[in-house]
Peer 1: 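Dropping a structure here in structure tokens format, bear with me for questions.
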Protein chains: 2
Amino acid sequence: MAGHSQPVYLKLRDLIAAGIIDGTFPEGTMLPSVRALAAEQGANPLTVAKAYQQFQLDGLVEVQRGVGMFVARGAAERLRRSEREAFLANEWPQIRARMERLGLVAKDLLTT
Amino acid sequence: MAGHSQPVYLKLRDLIAAGIIDGTFPEGTMLPSVRALAAEQGANPLTVAKAYQQFQLDGLVEVQRGVGMFVARGAAERLRRSEREAFLANEWPQIRARMERLGLVAKDLLTT
DNA sequence: CGCGCTGTATTATGGCAGTCAAACAGCATG
DNA sequence: CATGCTGTTTGACTGCCATAATACAGCGCG
């Protein structure tokens, strides 16, 4: 029953990351439970867990087993910083090359 | 036996598209054969064929079975135009939103 | 303590995308 | 017409993604 352009667990990962960065999930607060988010997004709890897992490994969310998962201190800033670096190092060069090939100029689009 | 970040046939598709746009494969000329390109890129002929297939459907390359595939008239211009539209309509908005979320501004990117 | 919430592990199933090997089909040239 | 190039079709195999159904493990509160 799959067939998406982007894997569900990656969409969820982005959803959570965005929430942490923009303050929807402030530091220290409890994140939506695996089952709750699964129900809300119409996904499987296991898939949601997989999305959360990436953040635990990076220490961005702290797990209190039996209680819930909480946004770690400094998570927003750390996350924004790492995503920024990754963007500039990996994605932007390719985007830039592609734009150049198509005859598009960055500053023309950014000033819109 | 797979496991790449970007599928091979998409990389090949981009390679061919770039060649058509920048004049490496001028209009009217014959494109590299399926097997030749496969050998050169270390890929499977069928994977190359899959990459070419997208262009045939769009009429950007014309097939003479048993002879070869040729760049159609006006292919470069048509391709550049469609890729530009697709980029501006689909990719750029997401990129822009992502940049905004990360707090990236024009001056961060144009320092090259 | 027991009930209800939390995350986690196990196992099995289904589907789809990507890749590949081998055989098939069309055209040109000697 | 046979050789050698072209593109094309068929069938199969693999790995990832997602799902489901259980069962287990930790914590808090009445």
Side-chain angles (χ1 to χ4, degrees), chain A residues 1-17 19-20 24-73 75, chain B residues 1-17 19-20 24-72 75 90:
Chain A
M1 230 183 322
H4 312 63
S5 52
Q6 169 134 331
V8 176
Y9 82 98
L10 282 183
K11 286 182 185 167
L12 294 172
R13 194 212 76 95
D14 279 7
L15 189 72
I16 298 162
I20 292 178
T24 303
F25 305 136
E27 304 185 3
T29 65
M30 179 176 156
L31 289 159
S33 80
V34 168
R35 292 176 177 83
L37 188 55
E40 176 190 321
Q41 294 293 326
N44 190 289
L46 230 133
T47 304
V48 175
K50 185 174 184 179
Y52 273 128
Q53 201 166 5
Q54 325 234 341
F55 293 110
Q56 317 175 21
L57 297 177
D58 296 340
L60 292 168
V61 310
E62 287 161 358
V63 179
Q64 290 187 27
R65 187 161 189 174
V67 182
M69 308 176 70
F70 298 82
V71 182
R73 277 204 317 121
Chain B
M1 228 173 324
H4 308 63
S5 54
Q6 167 133 331
V8 176
Y9 81 97
L10 283 183
K11 288 181 184 169
L12 294 173
R13 194 212 75 95
D14 279 6
L15 190 72
I16 299 162
I20 292 179
T24 302
F25 305 136
E27 305 185 3
T29 64
M30 179 176 155
L31 289 159
S33 80
V34 168
R35 291 175 178 83
L37 188 55
E40 176 189 322
Q41 295 293 326
N44 189 288
L46 222 129
T47 305
V48 176
K50 186 171 184 179
Y52 273 129
Q53 200 167 6
Q54 324 234 343
F55 294 110
Q56 316 175 22
L57 298 177
D58 296 340
L60 292 168
V61 309
E62 287 160 358
V63 179
Q64 291 187 24
R65 188 162 187 176
V67 181
M69 309 176 70
F70 298 82
V71 182
N90 306 328

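So that the names make sense, note that chain A is the first sequence line, chain B the second, and so on, each numbered from 1. Nothing here was measured: the structure is a model prediction, and the numbers come from that model.
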Peer 1: Answer yes or no: does a side-chain N or O of Asn44(A) lie under 4.0 Å from OP1 or OP2 of dA20(D)?
Peer 2: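 Checking Asn44(A) against dA20(D): at least one side-chain N or O falls below 4.0 Å of OP1 or OP2.
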Peer 1: Suppose we screen for side chain to side chain contact (heavy atoms under 4.5 Å, CB included). Which residues come up paired with Glu62(A), at least two apart in sequence or across chains?
Peer 2: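 Glu62(A) satisfies side chain to side chain contact (heavy atoms under 4.5 Å, CB included) with Ala72(A) once adjacent residues are dropped.
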Peer 1: Specify the angle, to 10°, made by the local axes at the two ends of the helix from dC1(C)-dG30(D) to dG30(C)-dC1(D) when five pairs are taken at each end.
Peer 2: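 The two end axes of the helix from dC1(C)-dG30(D) to dG30(C)-dC1(D) meet at 0°.
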Peer 1: Can you sort out the partners of Ala49(B) under side chain to side chain contact (heavy atoms under 4.5 Å, CB included), two or more places apart, ordered by chain and number?
Peer 2: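 Scan of Ala49(B) (side chain to side chain contact (heavy atoms under 4.5 Å, CB included), adjacent residues dropped) gives Val34(B).
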Peer 1: Could you run down the sub-3.5 Å N/O contacts of the protein with nucleotides 4-8 of chain D?
Peer 2:
residue	atom	partner	partner atom	Å
dT6(D)	OP1	Ser33(B)	OG	3.1
dG7(D)	OP1	Val34(B)	N	3.4
dG7(D)	OP2	Val34(B)	N	3.0
dG7(D)	N7	Arg35(B)	NH1	2.9
dG7(D)	O6	Arg35(B)	NH2	2.6
dG7(D)	N2	Arg65(B)	NH2	3.1
dT8(D)	OP1	Gln56(B)	OE1	3.4
dT8(D)	OP2	Gln56(B)	NE2	3.2

Peer 1: Round to a whole Å and report the spacing from CG of Leu37(B) to P of dT19(C).
Peer 2: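 Those two atoms, CG and P, are 14 Å apart.
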Peer 1: OP1 or OP2 of dC20(C) versus the side-chain N and O atoms of Thr47(B): is any pair under 4.0 Å?
Peer 2: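 So the side chain of Thr47(B) is within the cut-off, an N or O lying under 4.0 Å from OP1 or OP2 of dC20(C).
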Peer 1: To the nearest Å, give me how far apart CZ (Phe55(A)) and P (dG7(C)) are.
Peer 2: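 Answer to the nearest Å: 15 Å.
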Peer 1: What residues form a side chain to side chain contact (heavy atoms under 4.5 Å, CB included) with Asp58(B), not counting sequence neighbours?
Peer 2: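 Partners of Asp58(B) by the side chain to side chain contact (heavy atoms under 4.5 Å, CB included) criterion, ordered by chain and then number, come out as Leu60(B).
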Peer 1: Checking Ser33(A) now: which residues fulfil side chain to side chain contact (heavy atoms under 4.5 Å, CB included) with it, not counting sequence neighbours?
Peer 2: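 Side chain to side chain contact (heavy atoms under 4.5 Å, CB included) check on Ser33(A) returns Arg35(A), Ala36(A).
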Peer 1: Between atom CD in Gln6(A) and atom P in dC16(D), what is the gap in whole Å?
Peer 2: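 Computing the Gln6(A):CD to dC16(D):P distance gives 17 Å.
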Peer 1: Under the side-chain contact (heavy atoms from CB on, under 4.5 Å) test against Arg13(B), which residue among Lys50(B), Gln53(B), Gln54(B) passes?
Peer 2: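 When Lys50(B), Gln53(B), Gln54(B) are each tested with Arg13(B), the side-chain contact (heavy atoms from CB on, under 4.5 Å) holds only for Gln54(B).
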Peer 1: Starting at atom CD of Gln54(A), determine the distance to atom P of dT8(C), rounded to an integer number of angstrom.
Peer 2: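 To the nearest whole Å, that distance equals 13 Å.
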